[in-house]
Amino acid sequence: MKLSYIKVGNYLLPNVVVNEQKGVINKYGYLRLHYLKEYKKGLYTTLLMQDNLTNHLVSVSNEAENKVNFLIESYKRKYKLTKKKKENNQLEWVQLMNNYKNMAEEIVLNELIYN
């Protein structure tokens, strides 16, 4: 990889151009970005210099979103959370759905984001 430099005043600055995003970065992608910047600076710099950072963040975003959705659906099937239960007791249904979402997000954060 060859870098070109631009002279600005007495300094030579690297001419680094970031290409357009190739997908959507959701909250999981931004959490991964923050984690890389704070705790994995070498990996962050490598991904940035090789122009793979956005691809990495988009793939983490998609994978995390898919896994959260899959886990929530599997919890609903496992514990038989149906629409009938929603009609009978809405507060309990919302409470259970929030619980399932929190469990799924905790798993995704530990496995995909903070590793």
Side-chain angles (χ1 to χ4, degrees):
M1 182 167 121
K2 184 175 180 181
L3 288 176
S4 60
Y5 293 90
I6 300 172
K7 188 168 186 172
V8 178
N10 292 331
Y11 301 102
L12 288 175
L13 299 177
N15 186 17
V16 179
V17 177
V18 179
N19 294 334
E20 292 292 320
Q21 277 184 298
K22 296 152 187 92
V24 178
I25 300 174
N26 60 14
K27 76 175 188 175
Y28 303 110
Y30 288 114
L31 287 171
R32 179 68 176 170
L33 176 63
H34 176 71
Y35 177 74
L36 290 175
K37 279 183 178 179
E38 292 293 319
Y39 301 104
K40 303 284 185 177
K41 292 180 182 177
L43 178 59
Y44 170 76
T45 305
T46 303
L47 288 171
L48 186 62
M49 294 302 287
Q50 292 176 350
D51 197 25
N52 288 330
L53 182 62
T54 53
N55 292 338
H56 174 74
L57 296 177
V58 168
S59 68
V60 167
S61 296
N62 292 336
E63 188 177 348
E65 190 70 34
N66 292 337
K67 190 159 189 170
V68 165
N69 291 334
F70 173 77
L71 287 171
I72 290 173
E73 290 302 317
S74 67
Y75 291 144
K76 284 169 54 177
R77 281 191 308 274
K78 182 177 181 181
Y79 298 112
K80 297 175 179 66
L81 188 62
T82 61
K83 291 188 185 244
K84 185 176 182 183
K85 192 169 206 170
K86 181 179 181 180
E87 293 170 3
N88 292 339
N89 193 346
Q90 290 180 352
L91 286 177
E92 183 183 359
W93 186 87
V94 169
Q95 184 180 26
L96 289 171
M97 284 300 293
N98 285 336
N99 189 27
Y100 298 158
K101 183 178 179 198
N102 289 335
M103 289 190 309
E105 283 189 341
E106 187 171 337
I107 289 170
V108 166
L109 290 177
N110 286 327
E111 288 181 0
L112 296 177
I113 308 301
Y114 304 128
N115 62 7

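Predicted model, so just to flag it, every value in this text is computed and none were measured.
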side-chain contact (heavy atoms from CB on, under 4.5 Å) partners for Ile6, two or more places apart: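 Residues passing side-chain contact (heavy atoms from CB on, under 4.5 Å) with Ile6: Val8, Asn15.
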Pairs flagged by salt bridge (charged side-chain N to carboxylate O under 4.0 Å, His left out) wherever residues 29-49 is involved - sequence neighbours left out: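 Sorted result for residues 29-49: empty, none.
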Pairwise side-chain contact, Arg77 with Glu73, heavy-atom cut-off 4.5 Å (strictly under):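 Yes - at least one pair of side-chain heavy atoms lies under 4.5 Å apart.
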With sequence neighbours excluded, residues passing ring pair (Phe, Tyr, Trp, His ring centres under 6.0 Å) with Tyr28: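 Listed in chain order: nothing, the list is empty.
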Those residues that, when tested against Tyr44, pass ring pair (Phe, Tyr, Trp, His ring centres under 6.0 Å) (two or more places apart):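 Per chain and number, Tyr44 pairs via ring pair (Phe, Tyr, Trp, His ring centres under 6.0 Å) with no residue.
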Co-membership, hydrophobic cluster, residues [X] and [Y], 4.5 Å side-chain:
| X | Y | value |
| --- | --- | --- |
| Leu48 | Leu31 | no |
| Trp93 | Met103 | yes |
| Tyr30 | Ile113 | no |
| Val108 | Tyr39 | yes |
| Tyr114 | Leu33 | no |

Separation between CG of Leu47 and CG of Leu36, rounded to the nearest 0.5 Å: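 With rounding to 0.5 Å, CG (Leu47) is 6.5 Å from CG (Leu36).
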Lys80 NZ to Thr82 OG1 distance, which is reported to the nearest 0.5 Å: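 That separation rounds to 10.5 Å.
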Test side chain to side chain contact (heavy atoms under 4.5 Å, CB included) applied to Leu112 and Ile107, step by step: CA-CA 8 Å; Leu112 296 177; Ile107 289 170; over 6 Å; no
Heavy atoms of other groups near Leu13 CG, more than 12 under 6.0 Å: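 More than 12 within 6.0 Å, yes.
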Step-by-step side chain to side chain contact (heavy atoms under 4.5 Å, CB included) determination, Leu81 to Tyr100: CA-CA 11 Å; Leu81 188 62; Tyr100 298 158; 3.6 Å; yes
Intermediate values then yes/no, side chain to side chain contact (heavy atoms under 4.5 Å, CB included), Lys76 and Leu96: CA-CA 9 Å; Lys76 284 169 54 177; Leu96 289 171; over 6 Å; no
Full working for salt bridge (charged side-chain N to carboxylate O under 4.0 Å, His left out) between Lys84 and Glu87: CA-CA 5 Å; Lys84 185 176 182 183; Glu87 293 170 3; over 6 Å; no
Short N-O contact, Glu105 and Lys27, less than 4.0 angstrom: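 Yes, Glu105 and Lys27 are salt-bridged.
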Salt bridge (Lys or Arg N to Asp or Glu O under 4.0 Å) involving Lys85 - partner list, sequence neighbours excluded: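 Applying salt bridge (Lys or Arg N to Asp or Glu O under 4.0 Å) to Lys85 gives Glu92.
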Report, one line per pair, each donor and acceptor closer than 3.5 Å where one atom sits in a side chain of residues 58-71; sequence neighbours left out.
| unit_1 | atom_1 | unit_2 | atom_2 | d |
| --- | --- | --- | --- | --- |
| Ser59 | OG | Asn55 | O | 3.3 |
| Ser59 | OG | His56 | O | 2.8 |
| Ser61 | OG | Asn26 | N | 3.3 |
| Ser61 | OG | Asn26 | OD1 | 3.1 |
| Ser61 | OG | Gly29 | N | 3.3 |
| Ser61 | OG | Leu57 | O | 2.8 |
| Asn62 | ND2 | Val58 | O | 3.4 |
| Glu65 | OE1 | Asn26 | ND2 | 3.1 |
| Asn66 | ND2 | Asn62 | O | 3.2 |
| Lys67 | NZ | Glu111 | OE1 | 2.4 |
| Asn69 | ND2 | Glu65 | O | 3.3 |

